[in-house]
Amino acid sequence: MNGAIIPAKQNSLEEQRRQLPIAQGRDALIQEIRDNDVIVLVGETGSGKTTQVPQYLLESGVAGEGVIAVTQPRRVAATSLAARVAAEKNVQLGGLVGYSVRFDESSTEATRIKYVTDGMLVRELLSDPLLSRYSAVIVDEAHERTLRTDILMANLKTIQRSRNQPVDRKGKGRATALNPLKIIIMSATLDAEKFSKFYDNAKFSTSQPDYVDAALRTFYQIHIDQSPGDVLIFLPGQEDIESLEKSITMYANRLPQECMGVTVCPLYAALPPTQQAKIFSATSKGIRKCILATNIAETSITIPGVKYVIDTGKCKEKRYIARSVGTGFDTLLTRDITKSSAMQRAGRAGREGPGLCFRLYTEESFKAMPISAEPEIRRCTLTSSLLQLKCMGQNLEQLDFMDKPEQDTIISALATLHLLSAVDDKKALTHLGRRMALFPLEPTLARSLLAATEFGCTREMLDILSILSASSKVFYDSSEEREAALETRRKFRHSSGDHMTVLNVVRSYDEIAASESKAGQRDWCQKQYLNFRCLTEAMDIRKQLREACEKNGIDWQLSCGDNEQPVLKSLVRGLVQNAAFLQPDGSYKQIMGPSIVKIHPGSSLCDKKVPAIVYDELVRVILRRV
DNA sequence: GAGCACTGC
């Protein structure tokens with residue numbers, strides 16, 4: 001859909017921290033490194049930051065063209081970290097990612113991330129006192145304060161002073177440093193301030209313990225030490241699942257012969273059922289199954305044979321942020337689970353015998369967890385419920401609720417209904433509003449449907465709305481197959497945007513459904529990278545909506561054929577609130593709100609620079625975990 | 001430059 005994104009930069013870091021239980025994100029870190037020559041990064045040792053931060057530097061380009069050095073006090077750490085990062089980036093060790101330790105080197109001209117022992121870098125000072133090949137030096141395990149680390153840190157300080165000196169090239173405008181150096185000191189908590197002082201009060205930032213990495217290590221601890229039995233790991237979302245799947249598989253391939261094998265099964269709602277089914281198939285003897293699941297495995301799906309549970313203590317939660325001015329937006333944020341979730345997760349271990357649960361959080365964090373989740377009335381849009389209550393002659397503001405909704409949420413719901421002409425200036429229900437409530441649709445979509453009766457395109461509108469109100473997305477894929485999916489779906493793309501693209505999909509599906517069996521339809525969907533589950537659900541919804549039309553004297557067969565104008569006009573009637581105009585810099589500005597929004601990269605309108613857009617979904621981007 | 005789960009109508 002025309003998912004739009006509010007860029008993170010819009011909001012102050014402080015504001016984001018407040019909304020984000022896990023503090024530091026990838027983008028925020030990159031920004032901090034861009035803004036500061038020295039950063040002291042505090043966090044637990046051996047966590048993912050040693051492998052991730054260099055990759056962030058490389059990917060974002062903040063470290064320029066030079067080599068990114070990561071120093072380690074010990075040889076074995078340098079070589080094994082290099083191997084792991086090379087594997088994560090899917091490159092040959094010694095290419096893009098390499099290492100250099102005494103007696104052993106694996107690096108080439110192409111190497112951009114180089115893991116080295118601090119002694120090696122100190123030695124390099126002899127031949128290259130300014131370390132000019134390096135654009136960034138990351139000093140890891142700085143808290144160990146080995147002699148060579150200290151010598152290195154002292155030198156880095158003076159090197160940076162001379163390299164980052166602005167050079168005013170005559171007549172060439174602004175003075176800039178020719179070959180600046182970035183320094184990142186990674187340390188355990190206690191010494192952070194001392195490091196910061198040493199580098200002229202350098203900024204320091206704290207990274208949260210990396211639960212994905214902790215889960216990886218816990219899994220292998222179980223795998224090596226514990227008796228046979230499957231392992232279930234709870235993670236917040238697809239992204240973490242994909243990343244952990246990669247690292248577990250990578251280590252599984254290097255296990256000693258006598259060790260049990262490992263098979264990894266990802267599990268989340270959006271995963272096609274065929275792949276979900278893998279969790280139920282029995283593993284052969286000598287293979288340990290490791291299921292990586294979202295909280296879908298907490299209640300909805302019970303997995304047989306699980307003996308060990310690893311609980312990261314994290315989940316995702318969708319939250320609507322109301323704005324009394326303009327439109328609100330949804331955020332999907334990673335947060336701590338509740339006590340009841342924690343119990344539920346633990347209970348998934350050993351349902352058929354003794355089991356063990358490994359919680360990757362402290363007793364204190366457990367005690368700090370809320371007992372149960374906040375009720376939806378405090379977190380969701382109330383537009384639809386408000387309309388319904390009005391139809392029942394009730395007033396949401398006067399109802400005696402167990403938990404009262406936020407005032408802003410009510411105000412924004414009322415504003416939306418007013419804009420859709422479902423209520424009048426006195427907040428009273430209109431005839432139109434009553435008709436909107438006849439359909440099991442969000443009020444915005446119901447408004448578009450009623451507009452379609454005027455513009456003569458109910459048939460097309462029902463095709464689109466049924467997809468929009470299905471609970472899963474039509475276009476959904478893992479990050480691995482994203483490119484292929486994009487290419488295959490190109491034929492559905494419509495120059496007028498994603499809603500017309502969706503219409504093309506439904507029309508094609510209708511043709512297939514007319515001649516193919518259910519299995520044939522499923523096959524077709526799979527080949528087109530379309531979500532079969534979404535389409536079948538949408539077809540049920542469409543049938544129901546058509547019936548609702550018939551019942552209420554609306555002709556659902558009105559078609560505008562190949563003329564897209566009536567469809568677009570009708571959509572706008574419902575989505576007025578979500579209109580935005582192109583800005584000179586290529587971003588979009590809401591007409592009814594203050595925000596700058598961006599078109600989702602998966603949209604057919606992305607990079608098209610059309611003068612105006614309407615969207616049906618606005619998502620606030622949350623910074624990623626370090 | 002990228003999607004937690006569920007439910008009802």
Side-chain angles (χ1 to χ4, degrees), chain A residues 1-8 21 26-27 30 59-60 234-243 266-272 276 292-301 312-319 330-338 340-341 344-345 373 375-377 379-380 384-385 387-389 391-392 436-443 445-446 465-466 469-483 485-486 498 529 531 533-534 537 540-541 543-545 547-548 551-552 586-587 597-603 605-607 617-624:
Chain A
M1 304 313 94
N2 286 347
I5 298 158
I6 300 177
R26 174 189 195 267
D27 298 346
I30 290 168
E59 287 157 12
S60 66
F234 282 102
L235 292 149
Q238 182 186 342
E239 189 186 0
D240 289 331
I241 289 176
E242 285 177 354
S243 125
L267 178 66
Y268 45 91
L271 200 70
Q276 283 191 7
L292 312 181
T294 60
N295 50 11
I296 191 170
E298 204 174 293
T299 47
S300 309
I301 297 180
T312 57
K314 300 287 174 190
C315 67
K316 286 202 183 186
E317 183 183 83
K318 196 171 196 164
R319 189 170 273 272
D330 288 318
T331 62
L332 195 58
L333 50 85
T334 304
R335 54 163 296 165
D336 290 335
I337 57 171
T338 61
S340 70
S341 258
Q344 190 72 32
R345 289 179 175 194
E376 278 191 337
I377 199 166
R379 327 183 322 238
C380 298
S384 186
S385 303
L387 179 63
Q388 275 178 327
L389 288 172
C391 288
M392 302 180 329
M436 279 160 60
L438 293 170
F439 299 94
L441 285 170
E442 288 300 311
L445 302 186
L465 298 183
S466 56
S469 51
S471 55
S472 49
K473 306 223 183 255
V474 232
F475 304 132
Y476 203 95
D477 35 63
S478 71
S479 49
E480 298 262 297
E481 54 188 17
R482 204 159 275 164
E483 296 269 307
L486 200 74
D498 302 315
Y529 290 93
N531 186 348
R533 207 178 332 161
C534 170
E537 189 190 346
D540 286 342
I541 294 172
K543 185 161 163 275
Q544 189 193 24
L545 290 174
E547 282 161 11
K551 213 168 119 191
N552 294 289
S587 66
V597 299
K598 278 186 180 172
I599 297 179
H600 192 280
S603 166
L605 293 180
C606 196
D607 304 323
E617 192 184 13
L618 179 64
V619 176
R620 156 85 170 266
V621 171
I622 294 293
L623 303 178
R624 276 201 279 165

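Naming: A, B, ... by sequence-line order, numbering from 1 per chain.
Between B:dG3, B:dG1, B:dC6, one nucleotide has an atom nearer to the side chain of A:E376 than all others, and that is B:dC6. With B:dA2, B:dT7, B:dC4 as the candidates, the nucleotide lying closest to the side chain of A:H600 is B:dA2. Between B:dC9, B:dA5, B:dG1, one nucleotide has an atom nearer to the side chain of A:T294 than all others, and that is B:dA5. Side chain of A:Q238, nearest nucleotide from B:dG3, B:dA2, B:dC9: B:dG3. Closest contact between the side chain of A:Y476 and the listed nucleotides B:dG3, B:dT7, B:dA2 involves B:dG3. For A:I296, the side-chain atoms get nearest to B:dC6 when compared with the rest of B:dC6, B:dC4, B:dG3.
Contacts of A:Y268 with the nucleic acid, taken as non-hydrogen atoms under 4.0 Å apart, involve only primed sugar atoms and P, OP1 or OP2. Residue A:S300 is in sugar-phosphate contact alone, with no base atom involved, counting any heavy-atom pair closer than 4.0 Å across all strands shown.
Atoms CZ (A:F234) and P (B:dA5) sit 12 Å apart, rounded to a whole Å. Atom CD of A:E537 and atom P of B:dC9 are 13 Å apart (whole Å). Rounded to whole angstrom, the span from the CD1 atom of A:I241 across to the P atom of B:dA5 amounts to 8 Å. In this entry the distance linking CD of A:E242 with P of B:dG3 reads 11 Å, nearest Å. Here the C1' atom of nucleotide B:dA2 and the CD atom of A:E617 are 12 Å apart, to the nearest Å. The distance between atom CD of A:E547 and atom C1' of B:dC9, rounded to the nearest whole Å, is 13 Å. In this structure, A:D240 atom CG and B:dA5 atom C1' are separated by 16 Å, rounded to whole Å. Residue A:E483 contributes atom CD, which lies 15 Å from atom P of B:dG1 at whole-angstrom precision.
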- Item | From CA spacing to verdict: salt bridge (charged side-chain N to carboxylate O under 4.0 Å, His left out), A:E239, A:K316 | CA-CA 12 Å; A:E239 189 186 0; A:K316 286 202 183 186; 5.2 Å; no
- Query: Would A:L292 and A:E242 satisfy side-chain contact (heavy atoms from CB on, under 4.5 Å), going step by step from the backbone distance to the final call?
  - Reply: CA-CA 9 Å; A:L292 312 181; A:E242 285 177 354; over 6 Å; no
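A side-chain donor-acceptor contact under 3.5 Å links A:S341 and A:E298.
The one candidate from A:N295, A:L235, A:T294, A:D240 that meets the side-chain contact (heavy atoms from CB on, under 4.5 Å) condition with A:Y268 is A:T294.
Each of A:C315 and A:F439 was assigned the nucleotide of DNA chain B with the nearest heavy atom; the assignment lying further toward the 5' end belongs to A:C315. The 5' end of DNA chain B is approached more closely, in terms of each residue's nearest nucleotide, by A:C606 than by the other of A:E442 and A:C606.
When all heavy atoms of A:R379 and A:A373 are compared, the pair lying nearest together is NH1-CB, 4.5 Å.
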